[in-house]
Amino acid sequence: MDPIQLLFYVNGQKVVEKNVNPEMMLLPYLRKNLRLTGTKYGCGGGGCGACTVMISRYNPSTKAIRHHPVNACLTPICSLHGTAVTTVEGLGNTRTRLHPIQERIAKCHGTQCGFCTPGVVMSMYALLRNHPEPTLDQLTDALSGNLCRCTGYRPIIDACKTFCKASGCCQSKENGVCCLDQEINGLAESQEEDKTSPELFSEEEFLPLDPTQELIFPPELMRIAEKQPPKTRVFYGERVTWISPVTLKELVEAKFKYPQAPIVMGYTSVGPEVKFKGVFHPIIISPDRIEELGVINQAGDGLTLGAGLCLDQVKDILADIVQKLPEEKTQTYRALLKHLRTLAGSQIRNMASLGGHIVSRHLDSDLNPLLAVGNCTLNLLSKDGERQIPLSEEFLRKCPEADLKPQEVLVSVNIPWSRKWEFVSAFRQAQRQQNALAIVNSGMRVLFREGGGVVEELSILYGGVGSTIVSAKNSCQRLIGRPWNEEMLDTACRLVLDEVTLAASAPGGKVEFKRTLIISFLFKFYLEVSQGLKREDPGHSPSLAGNNESTLDDLHSKHHWRTLTHQNVDPAQLPQDPIGRPIMHLSGIKHATGEAIYCDDMPAVDRELFLAFVTSSRAHAKIVSIDLSEALSLPGVVDIITADHLQEANTFGTETFLATDEVHCVGHLVCAVIADSETRAKQAAKQVKVVYQDLEPLILTIEEAIQHKSFFKSERKLECGNVDEAFKIVDQILEGEIHIGGQEHFYMETQSMLVVPKGEDGEIDIYVSTQFPKYIQDIVAATLKLSANKVMCHVRRVGGAFGGKAGKTSILAAITAFAASKHGHAVRCILERGEDMLITGGRHPYLGKYKAGFMNDGRILALDVEHYCNGGCSLDESLWVIEMGLLKLDNAYKFPNLRCRGWACRTNLPSNTALRGFGFPQAGLVTEACITEVAIKCGLSPEQVRTINMYKHVDNTHYKQEFSAKALSECWRECMAKCSYSERKAAIGKFNAENSWKKRGMAVIPLKYPVGIGSVAMGQVVSRELRMPMSSVHLRGTSTETVPNTNASGGSVVADLNGLAVKDACQTLLKRLEPIISKNPQGTWKDWAQTAFDQSISLSAVGYFRGYESNIDWEKGEGHPFEYFVFGAACSEVEIDCLTGDHKNIRTDIVMDVGHSINPALDIGQVEGAFIQGMGLYTIEELSYSPQGTLYSRGPNQYKIPAICDIPTEMHISFLPPSEHSNTLYSSKGLGESGVFLGCSVFFAIGDAVKAARQERGISGPWKLNSPLTPEKIRMACEDKFTKMIPRDEPGSYVPWNIPV
C-alpha cells in the first residue's frame, strides 16, 4: 500500500511529504526542513509564544476559513493536512515589501533583542486577519500568550494600538467618559507636563493595512476539501502511528481497535506529557474535521457543544449567548467565560479542544469544576451505541463506574441553562493573572427555594488542592435547608475545611495559602450570591456587613496608556545629525520579518554533530561510577566527553567544567554526548547511567551556609564614621532582616553555540550568543592548548542575556569546542529551556540583616548591616556581587555612621552569576526595607524618612567618593510633583476606609545608581562623527577577529565603551580625509572614498577605549570605583485583593536623569524594560527548589515572568533636561541596569496596602515581608478570620515539598 501523502501549504507554497514522522513537530520542520528560521524556539512547551504561526482551515460545509494562531512547538505536522500555514516570512521582508504590522512594531520601538518579535508579529497578524480594526480588549487578549523580557511590552502595545479603531483610547467609555478624559483618582493631573516632547514615532508615515493584499487561502485546498471523498489517513513512523479519521464512524472504529490510544485535537495536553514527562503513545488518533465534533446546538434544556471545538471557539460562542439571553439562564456560561478569558494564552486556547480539556482531567483544570457544578452531561459513542454520563466528581476522579470506557469517544457536552434563584460562580488565583495555571480554582453553585434565601441545592468543587478535582459534597449536603446568612457562611467554612484537606507536604507547596483560598473563595461566593439575591428581592436578601461592595470587582483593567516626556533636540543641531533623536533599532525591521539571524538560525554545516549534556541529579554526592556503554551503543552516537578526556584543561581560573569525583549541585555538568542529530544526542544522554553516593552536609540556603561557615573567601567590609558611638546617642534602635529570592535571567534565546574547526593550523571559529567574546576566546584557547589568535569568536546578535551569557556560556563553549576539535567536525549545542534554567544559575538570593539607630524625627545616625548572597557551588561572580552590594547599599541616603559587611555563601546550588543590576537590586532593597521600618517606628511616612536622610548637594559616599546630588534632589522633587503625591495619598486613605477587602498602597523610591566598573546606539555615533546619513551606516556583528581585546557587554557601560571606541575610529578616518573633503566640500561620501582610493589612503580604522579608570582599596575602605551616577525616582500605586493576594499596578511615574540622551526611544525602552523586570523580581518571579536541591521551576509553566497583563495601567516616564557635561559619550548615561531597582516601588506599595489591611483588622507590630511578594505572601500577611480558621502544621513535623532559597 502506498504511504498516504501529507499535503499542506506554507506561505503560499505547496508542501507534500511522503514519509512523515508522526513525532515531528511543526517548529523543527519549519526551521530544519524548510529553513524558515524566523519562527523561534523559546521554551518547547507553548508557554512563551516565540514559535507562534498562523494556521488557516477551510470548512466545506460552512464555506468559512478560520485563521488562528498556534504554538508551532506543540503542533504535530500530521495534524496539518489540508491547512495553510503562515509564518513571519510569509508576511513580508526587506527585499519585497513589509507588512504594516512588521513596519509598525519596528518603528514604534517594540523590539530590543528581537527574539520574541516574530511571535508577537504573528499573534497580532492572526488577530488582524479576523479583526482588521480590533478593540484594545482583543489586542491584549491576542498578545496574552507572548512573553517579552526586554521591552516591558508597552511599545508593543503602542505599535498594535495603531490598528485599533481609535488609537489613543481604550474604547471603554465608562459612564460615557473616555479613559483619557478621566482624571486619575478623580484628581487633576499635574499641569507641568512637557507637551513639547516630540513623538517617538509618527503614525502618518505608516503603511495602511489593506486586508485585500493578504495571502489568499490556496484554492487547491478548497477543491480537495469540497471534492475528494474523505477517508482516514494513517501516517506510519519508526515508533508512532498517527491515525486521522474523518468521519465519526471511522473514529469509533479506530478507538475500538486501539482503545488505549489517546484522541488528540490540539496536542496541548498529550504533547507536553510526551516531551517533558517521557510518556510514550505508539498510536495516536487525531480526528480531522468531523462535523459532529463541532456541533453547536441550543435546545430546550441548554446548550450542546461539540467536543472538538477549541476553547477559543467555546469562548466566542458563550460570549454571544450571554449577550442574547437573560442573566438567570446564563449563570454557568458567564462563569465559564470568566475563566476562559484568563485560561492559557490565545495560541493554546486556539489549539486545545473542549473535549480534550475535559477528558485530560488535570488537577488544576479551570473549566471542569464549573462544568461539574453546572450539572453538565457528556455524550459518548462507541460500537455499542450512544451513552450519556454526568460530568461529576466521580468522573473527575476517574472512578471506573463513572468514567468513559476505553473504546468510547466523547462527542459533545450538554451545558444546562441555569434557573431562577440559581447562582453559579468561578474563582481562581494564580501566580500571574493570565496564562498561568491556577494555584487553586473553584466552581460553586447554589439553588434557592422559590422566594430565595433558603438553600435547596449546593455544589462546590475545587481544583489544585488534591491529586484530582475535589468536591465538598458532604458539607454541601449538610447546608441544604439553611438560610443564606453569615451564620451559614461560618458553618460552611468549617465544614469545607474539615472535608477538603491538604497534607502539609502536598505537591506544589503553598499549603496554608491553598487552605486559606478554599474559604476565601467561599466568602467571595457568599458575597456574590448575596448581591444577586439583593437584585432579585431587595427586601429579603441578607444585609452585607462591612464595606464589601468592591470585593467582587475585577482588579485587572486591560486598558493601558502612558505619557513620555523626553529631551528636545537643540534647535541649532543639524537636521541630519541623529544624536538625541528617537532612531529605530537598526535591526528592528529584520527582527520583525524574521530575517535577523541568531546563532541557531545558522544553516547546518556539512556533517555537523550535536552536543547534549548529562547533568547531576544529586546536589552533593560522590560519583561512584559512570556507565556509558548503553548510550554509546545507540545509533548516531559518536562520542561521550568526560573530565578524563579534558584532563588538566578541565579547569580555567576558579571554574571546573565537567564533574570529576564529586558533584556539587543538581545540574552539575557530568559529561557531554556527541551524536549526529539533536534527538539522538538527547536520547543517548538519558541512557548514561551514573551511580552516586550522597555526601554531607547538604547546604542549600544562606542560613545553612552561615551555620556551617561555608563562605567563598573572607568577608568584605566598609566602614565610615563611628558606628558604636553613634548607637549610644540615638533615640531608638531597631533590628530586622529581609530575604530576597533569586531570579532567572529568562533570556528568550537559550544558550546557543556552533563551533566550526577550520581544518588548518588548529584554527577554530565559534559562533555564539555571548556578552563576552574575548573571555570565550581565552577559555577555548586554553582548553585546546592553542594561541588565542587561532580562536575566533563571532557574535552576530544576542537574543537577550542580562548578565547570563558570559561565564557559564564560556564553559559550555569550551566543552563544545573540545568536541569539535577532537572530531574535526562542526558541533552545535543549543540548550533546551529546562536545561538552561537548571544549569546556568541566576540572580543571587540575598539575606540582609540591619541594625539602625535613629532619632524620633527619622534621621538615621547609625547603621550596621550584614549582607549574605547565595553564590551556589562555584565562585563565578559572587564576590563581585557582594562587593557591589556593599558599595551601592547607601542608594540615595547619607548615613553618617555606617558599617557594612558582606559574605558570599558557598552552597549546593548551581552557581549564581551576574544579572541586570548586579547586587544592587538586592542591597538597595535591604536599605529601603530598613527605612520603611524606621518610618513605622517614628510614626512618619516612609517618604518623609527618605527625604530627611537623602544626600543633599555635593557629598561623599561611604567609600569617600565625591559626587553632586543635585540631579537626585531634582528627580525626587519632580517625581513627587508629577505623581500628585499628597492628593493621591489622601484618595488612597479614603478608598481604604471605604473598602474592607481591597486595599491600595503607594510608595516613592529614589535611586542613585553608580556606573563604571570595569544602551548601544553605535549607528548614531558613526552618523554624527562622519556626518553621514543613517541610511549609509551598516553595523556588523562583533568578532574577536576584528576587535581582538574587547570588554564584556553589561553593567550599563556598553554605549560608553563601544561608543567612545567608534568615535575614536571615526575621528581617525576624518583626519585622513580632511584634505580631500576641504578640496571638494560639496562632494558625497562616494566621491571622497573614490578619491581616497586613488590616492592610496586607507579607509579602515580601529578605535579603542579601554574603559574608565576605577579603584577601591578594601583594606582602607575608600576609592573611586565609579565614573558617574544615574539618578531617578519612581512612584507606584497598587491595589491588592486581601482575600486572594492578587495585586494590580494601577500607575507608575518614573523620573530619570539620563544626562544627554543619545536616543530617547532606546533610553525609554531600557528604563521601562528594566522596571518591568525589576517588578517581576520583587513580586511574581519565584524559584522553587525541593529539599534535595532540585529546581522545580524549569520553564514558563512554573516560572512566571511579567506578561502583558502585569504592566501598570498607567505609566508616565519623564527625563530631566540635559544635565552637566561629563566625559561620557556625548555626556549620555548608561541606563541598562538602574531601572531594575525602581521595580521595588511596587513591592513597597504592596507593603503599604498590606499595612492598611492589617491596621483595619487591629493587627499592630512589625511583620516580615520578604521578596518576591507573591500572591501567597500578600494573602497570608493580610491576616483575618479566614487565616485564623485554617489548620496549621508544626514546622519539623513534616518534610515540605519545597524550601525557600
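Every value quoted in this text rests on a predicted model; they were computed, and no experiment measured them.
Applying the salt bridge (Lys or Arg N to Asp or Glu O under 4.0 Å) test to residues at least two apart or on different chains, the pairs with a partner in residues 101-120 are Glu103-Lys107. Every pair tested for salt bridge (Lys or Arg N to Asp or Glu O under 4.0 Å) that includes a residue from residues 76-90 fails, sequence neighbours excluded, so the list is empty.
Lys808 is linked by a salt bridge (charged side-chain N to carboxylate O under 4.0 Å, His left out) to nothing, counting only residues two or more places apart in sequence or in another chain. Partners of Phe610 according to the ring-ring contact (aromatic ring centres under 6.0 Å, His included) rule, which considers only residues two or more places apart in sequence or in another chain, do not exist here. Applying the salt bridge (charged side-chain N to carboxylate O under 4.0 Å, His left out) test to Asp288 and every residue at least two apart in sequence or in another chain returns Arg233. Asp210 is linked by a side chain to side chain donor-acceptor pair (under 3.5 Å) to Thr212, counting only residues two or more places apart in sequence or in another chain. In terms of the ring-ring contact (aromatic ring centres under 6.0 Å, His included) criterion, Tyr267 has no residue partners (sequence neighbours excluded). Residues meeting the side-chain contact (heavy atoms from CB on, under 4.5 Å) test with Ala592, sequence neighbours left out: Gln102, Ile105, Thr117, Val121. Applying the salt bridge (charged side-chain N to carboxylate O under 4.0 Å, His left out) criterion to Glu835, with sequence neighbours excluded, gives no partner residue. Taking Asn33 as the reference, Met24, Tyr29 meet the side-chain contact (heavy atoms from CB on, under 4.5 Å) condition, with sequence neighbours excluded. The side-chain contact (heavy atoms from CB on, under 4.5 Å) check on Ala1161 picks up His109, Leu200, Pro582, Asn1159, with sequence neighbours excluded. Under the rule for a side chain to side chain donor-acceptor pair (under 3.5 Å), the partners of Ser769 that lie at least two apart in sequence or sit in another chain are Glu749, Lys805.
Annotation for Thr83 and Phe8: closest pair O-CB, 3.3 Å, computed over non-hydrogen atoms.
Between the side chains of Asp312 and His68, no donor-acceptor pair is found at a separation under 3.5 Å. Looking at Thr87 and Asn11, their side chains do bring a donor and an acceptor atom within 3.5 Å of each other. A donor-acceptor contact closer than 3.5 angstrom links the side chains of Gln751 and Thr809. If you check the side chains of Glu220 and Tyr9, you find a donor sitting under 3.5 Å from an acceptor. For the residue pair Asn435 / Ser144, no side-chain donor-acceptor distance below 3.5 Å is found, with atom types taken as modelled. Checked by atom type, the side-chain pair Glu744/Ser1193 shows no donor-acceptor distance below 3.5 Å. Under 3.5 Å, the side chains of Thr111 and His585 contain no donor-acceptor pair of N or O atoms. Side-chain atoms of Tyr747 and Asp836 include a donor-acceptor pair closer than 3.5 Å. Between the side chains of Gln347 and Ser123, a donor-acceptor pair is found at a separation under 3.5 Å.
Atom CE of Met602 and atom CZ of Arg796 lie 10.5 Å apart (nearest 0.5 Å). Taken to the nearest 0.5 Å, the CE atom of Met1211 stands 9.0 Å off from the CG atom of Leu564. With rounding to the nearest 0.5 angstrom, the CD atom of Glu832 is 8.5 Å from the OG1 atom of Thr750.
Aromatic pair Tyr767/His794: ring centres closer than 6.0 Å. Here the two rings, on Tyr125 and His99, have centers that are under 6.0 Å apart.
Ionic pairing of Asp600 and Lys40 is not present here: no N-O contact between side-chain nitrogen and carboxylate oxygen is shorter than 4.0 angstrom. A salt bridge links Arg828 to Glu608: at least one charged side-chain nitrogen sits closer than 4.0 Å to a carboxylate oxygen.
In this structure, Arg797 is positioned above the aromatic face of Tyr598, its NZ or CZ under 6.0 Å from the six-membered ring centre and within 45° of the axis.
If you run side chain to side chain donor-acceptor pair (under 3.5 Å) between Tyr1199 and each of Glu1181, Arg833, Arg1194, only Glu1181 comes through.
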Check the pair Phe163, Leu209 against side-chain contact (heavy atoms from CB on, under 4.5 Å), reporting the backbone distance first and the verdict last. CA-CA 8 Å; Phe163 293 101; Leu209 178 69; 3.9 Å; yes
Would Gln433 and Thr342 count as a side-chain hydrogen bond (donor to acceptor under 3.5 Å, both in side chains) if you check the C-alpha gap in whole Å, the side-chain angles of each, and the deciding distance to 0.1 Å? CA-CA 7 Å; Gln433 192 240 355; Thr342 56; 5.8 Å; no
